[in-house]
Asks: 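Got a structure for you, questions after.
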Amino acid sequence: MNTRNWAGNIEYSTPHIHHPRSVEEVQTMVRQLKKCRVLGTRHCFNRIADSKHHLISTSELNKVISLDPAAKTVTVAGSIATATHGSGIGNGNLATAVTALEVVTGDGEIRAIDDKEMVHAAAVNLGILGVMTKVTLSIQPRYHIRQTVYEQLPVTKLTKHFEKILSAGYSVSLFTDWRRDTINEVWVKSKMSPGEPDMSDEPHGAELQSEYFVPFHHGVEALLAISRLGPQISPHLFISEIRTVAADELWLSPNGNQDSVALHFTWRQDWPAVSRLLPLIEKELAPFQARPHWGKLFTMPPVLLKRHYEKLDDFKQLAAKMDPEGKFRNEFVSTCLY
Ligand SMILES: Cc1cc2nc3c(=O)[nH]c(=O)nc-3n(C[C@H](O)[C@H](O)[C@H](O)COP(=O)(O)OP(=O)(O)OC[C@H]3O[C@@H](n4cnc5c(N)ncnc54)[C@H](O)[C@@H]3O)c2cc1C
């Protein structure tokens, strides 16, 4: 049985991985187990999903439950627990599309959450509140995307026209290996009229990932700070991607209350080297109140991490109500949040 995450860099600390096929089976399992964590598609690079006891995988629950064209919502099984994001000055992370949730809480009961403030509290939940068995997302009619790639953008031009360049399309990504005074590629995705060909996704290989969010107005300084580490970073890097994420009101979102620039690193799979580089990067980004991506690799001390989440105590109170025994807490979340 596969007990590793997608990247293969994490071996989960238990061989007990359960695959319930229905919400009722989830409820029975949660009632029976004293400690457990939920596994989604195993795409996180750190130990956020880990458990020393039991893992409840949602792989058999992974389906569209209902689609409501009039309300423009879709209800799916699964989760958006770590604020996964794309790019775009006007685009929030995926969790901002959540309009309702259904959770199996610590006592095995089902709780529906559709009140706006409670959705803000629970959408980015790091797996602490229980098993998210249904998520309703607001959706848009299908549209087509045109992607234009510009090569070798001078950093001086980028810093001068930062906001203009990052707003040049529906979604803009800057790719750099920090080796030169140029951005290797700028990908500008724009909505287009139907009929033109779709874009394809970028490929992924054996890799590790880290990502930090800084307030948009610190984007240029943060980028220049990282570029000073270029000679140390680039030998261990496949590529860096710089994107934007719109501000939101989600309690544990790294994009909470601030438009962000996201500085992403796709590393070669060499954890000893990456673990030496992350503190250097975090030191450079500290003046800009950088927040790490919950699902990627970081070394930032919990005391710094907690400062960024002003609703953290409220979230912990909510967690205490939904899971009084701390059944869903693991070492990662206990260290980061408690
Ligand atoms: C190739 C690749 C590309 C990526 N690209 C991006 C990107 O563009 N942008 C970005 O932001 N991130 C990206 N990521 C990171 C990753 O997709 C996200 O962090 C995401 O949260 C992973 O979800 P998962 O369900 O696979 O997580 P897992 O590792 O399975 O779980 C992550 C957390 O979610 C919880 N969880 C999962 N399902 C449930 C549930 N049903 N109920 C309660 N808790 C649950 C787990 O307990 C855990 O705490 C990428 C990862 C990979 C491997």
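What you see below is based on every heavy atom in this structure, not just the backbone, and it leaves out hydrogens, waters and symmetry mates. Residue numbers run from 1 in the order of the sequence given. Both counts, for ligands and for their atoms, begin at 1 and track the order of listing.
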Asks: Does Lys316 NZ have over 12 foreign heavy atoms under 6.0 Å away?
Replies: yes
Asks: What I want to know is whether Arg37 and ligand 1 share at least one N or O pair that is separated by under 3.5 angstrom.
Replies: yes
Asks: Quick one: does Phe45 get a heavy atom under 4.0 Å from ligand 1?
Replies: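 So Phe45 counts as touching ligand 1.
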Asks: Should you measure from each heavy atom of Thr58, which atoms of ligand 1 turn up under 4.0 Å away?
Replies: 41 (N)
Asks: Check for me whether the distance between the ring centres of Trp267 and His236 falls short of 6.0 Å.
Replies: no
Asks: State whether the shortest distance between N or O atoms of Thr82 and N or O atoms of ligand 1 falls below 3.5 angstrom.
Replies: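 Indeed, backbone or side chain, Thr82 has an N or O that close.
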Asks: Examine Arg42 relative to Tyr12 and say whether NZ or CZ is less than 6.0 Å from the centre of the six-membered ring and inside a 45° cone about the ring axis.
Replies: no
Asks: Minimum distance, heavy atoms only, to atom 32 (C) of ligand 1: which one of Ser87, Ala83, Ala95, Cys44 is it?
Replies: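 Ranked by closest heavy atom to atom 32 (C) of ligand 1, first place is Cys44.
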Asks: Which of the atoms in ligand 1, numbered in the order shown and given with their element, are less than 4.0 Å from a heavy-atom of Leu126?
Replies: 49 (O)
Asks: Would you check whether His264 reaches within less than 4.0 Å of ligand 1, judged by its heavy atoms?
Replies: no
Asks: Over all heavy atoms of both residues, which pair between Asn93 and Val245 is shortest? Give the atoms and the distance, please.
Replies: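 Smallest heavy-atom distance, with atoms named: N-CG1, 3.7 Å.
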Asks: Which of the numbered atoms in ligand 1 are under 4.0 angstrom from any heavy atom belonging to Gly127?
Replies: 44 (N), 47 (O), 49 (O)
Asks: Checking the N or O distance criterion of under 3.5 Å, is ligand 1 in contact with Ala49?
Replies: no
Asks: Measure the acute angle between the ring planes of Tyr170 and Tyr143, then classify it against the limits of 30° and 60° as parallel, tilted or perpendicular.
Replies: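 Plane angle over 60°, so perpendicular.
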Asks: Look at the rings of His85 and Phe213 and say which category their plane angle falls in: under 30° parallel, 30 to 60° tilted, over 60° perpendicular.
Replies: perpendicular
Asks: Would you say Asp50's side chain and Ser13's backbone share a donor-acceptor pair under 3.5 angstrom?
Replies: yes
Asks: With a cut-off of 4.0 Å, which atoms of ligand 1 are near a heavy atom of Gly130?
Replies: 42 (N), 43 (C)
Asks: Is it true that the side chains of Trp178 and Ser240 contain a donor and an acceptor less than 3.5 Å apart?
Replies: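 Checked: Trp178/Ser240 side chains pair up, N/O donor to acceptor below 3.5 Å.
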Asks: Are any of the N or O atoms of His43 closer than 3.5 Å to those of ligand 1?
Replies: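 Yes; the residue has a nitrogen or oxygen that sits under 3.5 Å from a nitrogen or oxygen of the ligand.
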Asks: Does Arg243 have a heavy atom less than 4.0 Å from any atom of ligand 1?
Replies: yes
Asks: Would one find more than 12 heavy atoms of other residues, nucleotides or ligands at under 6.0 Å from atom CD of Glu117?
Replies: yes
Asks: Regarding ligand 1, does Leu39 bring an N or O atom to under 3.5 Å of one of the ligand's N or O atoms?
Replies: no
Asks: Counting both backbone and side chain atoms, is some N or O of Val38 under 3.5 Å from an N or O of ligand 1?
Replies: yes
Asks: Between Asn46 and Phe298, is any pair of side-chain heavy atoms under 4.5 Å apart?
Replies: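 Yes, side chains in contact.
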Asks: Give the atom numbers and elements of ligand 1 that come within less than 4.0 Å of a heavy atom of Val131.
Replies: 42 (N)
Asks: Going through the checks in order, is the salt bridge (Lys or Arg N to Asp or Glu O under 4.0 Å) test met by Arg243 and Glu211?
Replies: CA-CA 10 Å; Arg243 294 179 278 184; Glu211 187 163 38; 3.7 Å; yes
Asks: Under 3.5 Å, N or O to N or O, is Glu211 touching ligand 1 that way?
Replies: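 So ligand 1 has no N or O lying under 3.5 Å from an N or O of Glu211.
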Asks: State the atoms of ligand 1, each with its element, that fall below the 4.0 Å cut-off from a heavy-atom position in Thr84.
Replies: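 It comes down to these atoms of ligand 1: 9 (N), 10 (C), 11 (O), 12 (N), 18 (C), 19 (O), 20 (C), 21 (O).
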